[in-house]
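For reference, the structure discussed in these notes is given below.
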Amino acid sequence: MDILLERSFSLCRADDKTNVFLPFQVAKPYQRLIIYWNYAPHLVTDDKIAAQEIQRCCRRYLPEDKWPDEPIDPKQYEPIFNFVTVSLDSPSGYVGCAHRHDANMKLILSKTAASPGFEPCPICPGQWRAVLHVHAVIQEPVIGSLRIVGEDGEELA
């Protein structure tokens with residue numbers, strides 16, 4: 001097992017709706033890549049911040065006559081989340097994205113199989129790139145880590 005990329009990150013409101021590019025080098029072929037991905041907080045727990053975000057979204061996405069007149073009670077809405085996803089590019093191009101609300105994931109990629117959202121592909125030498133897609137930072141800071149390892153051997157981890 002070789003560590004190919006290991007990064008910690010801290011995101012704030014200014015990072016909202018941005019992408020963070022993390023290039024890394026694969027020096028030799030591997031049987032599989034394993035991506036360990038996590039961040040927190042996922043759930044927005046501050047009711048004041050949640051109410052402000054709901055109000056902002058109502059004004060952004062609804063016609064003015066649909067804006068709430070009453071103060072917003074965030075408990076009347078679905079839970080509000082910070083949302084960051086990770087995608088991967090190989091030397092041959094886009095491999096896929098873990099575009100789901102799991103804030104703690106282990107993703108596996110090989111020539112014959114891949115975690116949902118990714119295409120199987122050979123783990124070949126060359127320049128690869130992980131991309132953090134920062135969809136929503138509502139309650140800050142969002143702290144996380146990304147670790148990508150190359151593995152050989154017969155059994156899938």
Min side-chain heavy-atom separation [X]-[Y] under 4.5 Å:
| X | Y | result |
| --- | --- | --- |
| Ser145 | Asn38 | yes |
| Gln25 | Gln127 | yes |
| Val20 | Val84 | no |

side-chain contact (heavy atoms from CB on, under 4.5 Å) against [X], all qualifying residues, sequence neighbours excluded:
| X | answer |
| --- | --- |
| Pro29 | Pro125 |
| Arg100 | Ala98, Asp102, Met105, Leu107, Pro116 |
| Ile143 | Ser10, Pro141 |
| Ser87 | Tyr94, Cys97, Val131, His133 |

Quick one: pull up [atom1] in [X] and [atom2] in [Y] and give me the separation to the nearest 0.5 Å.
| X | Y | atom1 | atom2 | value |
| --- | --- | --- | --- | --- |
| Tyr77 | Cys57 | OH | SG | 10.5 Å |
| Thr18 | His135 | OG1 | NE2 | 10.0 Å |
| Ser90 | Leu109 | OG | CG | 8.5 Å |
| Leu11 | Leu132 | CG | CG | 7.0 Å |
| Cys121 | Lys111 | SG | NZ | 11.0 Å |
| Leu88 | Trp128 | CG | CH2 | 5.5 Å |

Spell out, yes or no, whether [X] and [Y] are grouped together once hydrophobic residues are joined by side-chain heavy atoms under 4.5 Å, including indirect joins.
| X | Y | answer |
| --- | --- | --- |
| Tyr39 | Ile34 | no |
| Ile108 | Val95 | no |
| Ile3 | Phe24 | no |

With salt bridge (Lys or Arg N to Asp or Glu O under 4.0 Å) as the rule and sequence neighbours excluded, what pairs involving [range] come up?
| range | answer |
| --- | --- |
| residues 44-53 | Arg13-Glu53, Asp47-Lys75, Glu53-Arg56 |
| residues 128-140 | Asp89-Arg129 |
| residues 35-44 | none |
| residues 60-71 | none |

Determine the minimum heavy-atom distance between [X] and [Y], stating which atoms define it.
| X | Y | value |
| --- | --- | --- |
| Leu62 | Trp67 | O-NE1, 3.1 Å |
| Pro79 | Leu43 | CB-CD1, 3.7 Å |
| Val149 | Leu4 | C-CD1, 4.1 Å |
| Asn82 | Pro41 | ND2-O, 2.9 Å |
| Leu33 | Ile148 | CD2-CG2, 4.1 Å |
| Gln31 | Asp152 | N-OD1, 3.2 Å |

Exercise. With sequence neighbours excluded, what pairs up with Asp2 under the side-chain hydrogen bond (donor to acceptor under 3.5 Å, both in side chains) test?
Worked result: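 Applying side-chain hydrogen bond (donor to acceptor under 3.5 Å, both in side chains) to Asp2 gives Tyr30.
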For this session: Please identify each residue that fulfils salt bridge (charged side-chain N to carboxylate O under 4.0 Å, His left out) with Arg147, with sequence neighbours left out.
Result: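 Partners of Arg147 by the salt bridge (charged side-chain N to carboxylate O under 4.0 Å, His left out) criterion, ordered by chain and then number, come out as Glu6.
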For this session: Report the residues that fulfil salt bridge (charged side-chain N to carboxylate O under 4.0 Å, His left out) with Glu119, sequence neighbours left out, ordered by chain and then residue number.
Result: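 Glu119: no salt bridge (charged side-chain N to carboxylate O under 4.0 Å, His left out) contacts found.
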Problem set entry | Results of ring pair (Phe, Tyr, Trp, His ring centres under 6.0 Å) for His101 - residues two or more places apart only |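 Per chain and number, His101 pairs via ring pair (Phe, Tyr, Trp, His ring centres under 6.0 Å) with His42, Phe81, Phe83.
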Exercise. Do Gln139 side-chain atoms and Thr45 backbone N/O form a donor-acceptor pair below 3.5 Å?
Worked result: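 Side chain of Gln139 to backbone of Thr45, a donor-acceptor pair under 3.5 Å: yes, one is there.
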For this session: Measure the acute angle between the ring planes of Phe9 and Trp37, then classify it against the limits of 30° and 60° as parallel, tilted or perpendicular.
Result: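 Taking Trp37 first and then Phe9, their aromatic rings lie parallel (interplane angle under 30°).
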